[in-house]
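What follows is a set of notes on a single structure, which appears directly below.
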There are 2 protein chains.
Amino acid sequence: MNTNRDNPNQEFPESQVPQAVISRLSLYLRELQRLVREGQETTSSTQLGSLFGFTDARVRKDLAYFGQFGYPGIGYRVEELITAIKGILGTDQSWEVIIVGIGNLGRALLGYKGFENQGFRIVGAFDSDPAKTDTQIDGVPVYAIEHLADFVTSRKIRLAIIAVPAMAAQKVVDQLVEAGIDGVVNFAPVTISLPKSIQLIGVDLAIELEQLSFAVVNQRENP
Amino acid sequence: MNTNRDNPNQEFPESQVPQAVISRLSLYLRELQRLVREGQETTSSTQLGSLFGFTDARVRKDLAYFGQFGYPGIGYRVEELITAIKGILGTDQSWEVIIVGIGNLGRALLGYKGFENQGFRIVGAFDSDPAKTDTQIDGVPVYAIEHLADFVTSRKIRLAIIAVPAMAAQKVVDQLVEAGIDGVVNFAPVTISLPKSIQLIGVDLAIELEQLSFAVVNQRENP
DNA sequence: TAGATTGTTAATCGATTAACAATC
DNA sequence: TAGATTGTTAATCGATTAACAATC
C-alpha cells in the first residue's frame, strides 16, 4: 500500500468523484485542524465519522477515491491527512481572490478571517460606487468596477466572489469570464449562466433559511 | 387529478423526500418569482429544468413528492406553483428570526434585504460586546447576550442565525436549545452538536471557496 | 383534432453500507 | 499474540432518467 502517499497520483479520476464527497472532505479537514490544535496525533474513520453522523465506511470510501492515507491498525495521522486533503482540494497553495460588490455582504466577506486561514487571500475589491473606490477596507484596495477586467487579466486572478445586487450579477460574471476567471462564488440570489469550463458555486442566504424552515415545519430527524 | 391542489395533503411523507429535492424547490421558487416579475403566466418542467441543467423528469418528480401541481398539455401556472412551493417550504407564513453575533458578518446579515422578501423578519440581534448593545442597527434592536434566552422563550422565536466566533458557537447554541429554539443556521466554522429534534443548517464560507478550488484544479465539467 | 405536457412506472444509474482479508 | 483499523469488494439502498398513457 502507500503508493499514493509515496507517489501521489495527480490525475484524480475527478469525473467519478461525487460532489458530495468533496463537501465532506472540507468537513473532515475542518475537524482535523481542530484535532491538531487539541494535540491529537492520530484519528480513525470511526472517530471522524461520528463527529458528523457518518459511518466509518463512508469516511474510508471518501478518502479512497484519492489514494491510501491510513495505516491499518493505527488509523490516520492527523497532520498527514490534513496535508493530503489540502492537496486534493488545491488549498496547499494560496489563492489570490477578488471580491466584486462592496455592500454590506461584500464588506463582511472582505473582513472575514476564515478565508486567509484556509489559503485564500483577498487581493482586491471592486464597486461601481465612486464613493467607495480608491480607498482601502481591511487592508484591501477598493477599485472602480471599470478596472475589473484589467486587474483579473494582468494579475492572473483565478477566483472571484460576487456580492453585487441580483440585477448586476450576470453582467459582472460575463466580464470576469471575458477576462479569464476560472471560478466564481456567487452570493447574488440569481441563477447565473456561464461557459461549462468556468466553475460556479452559488450561495443564497435566503435559501438556507428556507431549507431550515422546511426542516422545522416537517420535524426532520437529523443524523 | 388535482387532489392535492384542491385538498392539500399536509402530512408530507417527509422522511422519504431527499434533502436534495428541497434544495431544488428553493431554486425553482427563486426562478418562478423571476418569471412572474417578467409577466410569464405558465411554465413547463422542461423550461424550469433547463434553467439549471436538470432534466424535465427530475423537475416533475421533485414536485410529485408533494402533490399534483401541473396541467397536462399546459404546464404549471407560475403564481400557483409559487404558492404551492411556499406552502411546502413553510414560507407562506412569515418567520421571526434572531441573529446572534454582530461582527462583520452578523451586521451584513442584519441588513440583508433578501430575507424579508422570502418571509424572514429579523426581530432582534444579540452580542456580548456592551459597546454594540442597546442600540438599533438597520432598525433591529441589539441586546446583550444575557437577554438571549428570555427573548427566545418569551417571544416564542423558532429560528436563529449564529454569526459568532467559532469558539463561542456551541455555547450559544446550547442556550438557544435550552430556551426552546427549533432551528439554527450556523455561520461559525465549527461542527455543532445538538439534539436530534433541533434543526441545523451549517454555512461555512471558507468551505465554499474550497469547493471552488477543487473544481477549478480538477476542471470539472459543470452542467 | 393534433400538439403539448403532465404524473407515474420501470429501468438505469450511482452512492452507501456491511463484511472481511490484510496489516500494523 | 490479540486487538484495532485500514482498503476494498459485494450487496443494498436510493435517486435519476426514459418512456408513455392520460389529459388538456
Side-chain angles (χ1 to χ4, degrees), chain A residues 1-6 8-9 13-25 27-28 32 40-50 52-78 80-81 84-85 88 220-221 223, chain B residues 1-6 8-9 13-25 27-28 32 40-50 52-78 80-81 84-85 88 220-221 223:
Chain A
M1 62 174 292
N2 284 3
T3 53
N4 272 280
R5 186 164 39 237
D6 300 329
N9 173 14
E14 79 277 355
S15 58
Q16 307 173 51
V17 182
Q19 169 60 40
V21 171
I22 316 302
S23 299
R24 290 195 294 266
L25 288 186
L27 292 177
Y28 301 153
L32 289 164
Q40 195 172 318
E41 293 190 355
T42 66
T43 185
S44 67
S45 55
T46 305
Q47 181 188 30
L48 214 38
S50 72
F52 308 103
F54 304 158
T55 62
D56 56 336
R58 183 140 85 168
V59 174
R60 294 198 299 279
K61 201 82 198 296
D62 285 348
L63 296 170
Y65 280 103
F66 302 98
Q68 300 179 314
F69 306 107
Y71 302 86
I74 293 174
Y76 301 90
R77 306 216 159 107
V78 177
E80 233 174 72
L81 191 52
I85 295 181
I88 294 164
R220 296 211 144 188
E221 289 281 299
Chain B
M1 63 174 290
N2 285 5
T3 52
N4 272 280
R5 187 161 41 237
D6 300 329
N9 174 13
E14 78 277 356
S15 57
Q16 307 173 50
V17 181
Q19 170 59 40
V21 171
I22 315 302
S23 298
R24 290 195 294 266
L25 287 185
L27 292 177
Y28 301 153
L32 289 164
Q40 195 172 318
E41 294 190 354
T42 66
T43 186
S44 66
S45 54
T46 305
Q47 182 188 29
L48 214 40
S50 71
F52 308 103
F54 305 156
T55 62
D56 55 336
R58 183 140 86 165
V59 174
R60 294 199 297 281
K61 201 82 198 295
D62 284 348
L63 296 170
Y65 280 103
F66 303 98
Q68 300 180 314
F69 306 107
Y71 302 88
I74 293 173
Y76 301 90
R77 306 214 158 108
V78 177
E80 233 174 72
L81 192 51
I85 294 180
I88 293 163
R220 297 212 142 186
E221 289 280 299

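Just so we're on the same page: letters track the sequence lines, and every chain starts at 1. Not measured: the values here are computed from a predicted model. What you see below is based on every heavy atom in this structure, not just the backbone, and it leaves out hydrogens, waters and symmetry mates.
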Residue pairs meeting salt bridge (Lys or Arg N to Asp or Glu O under 4.0 Å), one or both in residues 61-75 of chain A, sequence neighbours left out, come to A:Arg24-A:Asp62
Integer-rounded Å distance: [N] [atom2] and [X] [atom1]:
| X | N | atom1 | atom2 | value |
| --- | --- | --- | --- | --- |
| B:Ile74 | D:dC24 | CD1 | C1' | 5 Å |
| B:Leu81 | C:dT5 | CG | C1' | 14 Å |
| A:Gln68 | D:dT6 | CD | P | 13 Å |
| B:Phe69 | C:dT5 | CZ | P | 20 Å |
| B:Leu63 | D:dT17 | CG | C1' | 16 Å |
| B:Arg58 | D:dA19 | CZ | P | 18 Å |
| A:Asp62 | C:dG14 | CG | P | 17 Å |
| B:Phe52 | D:dT17 | CZ | P | 15 Å |

By nearest-heavy-atom nucleotide on DNA chain C, the more 5' of A:Ala57 and B:Ala64 is B:Ala64
Closest to the 5' end of DNA chain C, once A:Thr55 and B:Asp56 are matched to their nearest nucleotides, is B:Asp56
Counting C-beta onward and ignoring hydrogens, is there a side-chain heavy-atom pair between [X] and [Y] closer than 4.5 Å?
| X | Y | answer |
| --- | --- | --- |
| B:Arg77 | B:Tyr71 | yes |
| B:Leu25 | B:Phe66 | yes |
| A:Leu63 | A:Leu81 | yes |
| A:Tyr76 | A:Thr42 | no |

Comparing A:Lys61 with A:Ser44, nearest DNA chain D nucleotide closer to 5' gives the residue A:Ser44
Closest of C:dT6, C:dA22, D:dC24 to the A:Pro72 side chain is C:dA22
Side-chain atoms of A:Arg24 come closest, of D:dT6, C:dT9, C:dT16, to C:dT16
- Query: Taking everything shown except A:Glu41 itself, do over 12 heavy atoms lie less than 6.0 Å from its CD?
  - Reply: no
- request: Give a yes/no answer on whether the side chain of A:Tyr76 brings an N or O atom under 4.0 Å of OP1 or OP2 in D:dG7.
  value: yes
**Prompt:** Counting only side-chain N and O atoms of A:Arg60, is one of them less than 4.0 Å from OP1 or OP2 of C:dA18?
**Reply:** no
Base, sugar-phosphate, or nothing: which does A:Thr46 touch, judged by heavy atoms less than 4.0 Å apart?
nothing
Across all chains, not counting sequence neighbours, the side chain to side chain donor-acceptor pair (under 3.5 Å) partners of A:Ser44 are none
Stems for DNA chain C (at least 3 consecutive Watson-Crick or G-U pairs, under 3.5 Å) come to C:3-24 with D:3-24
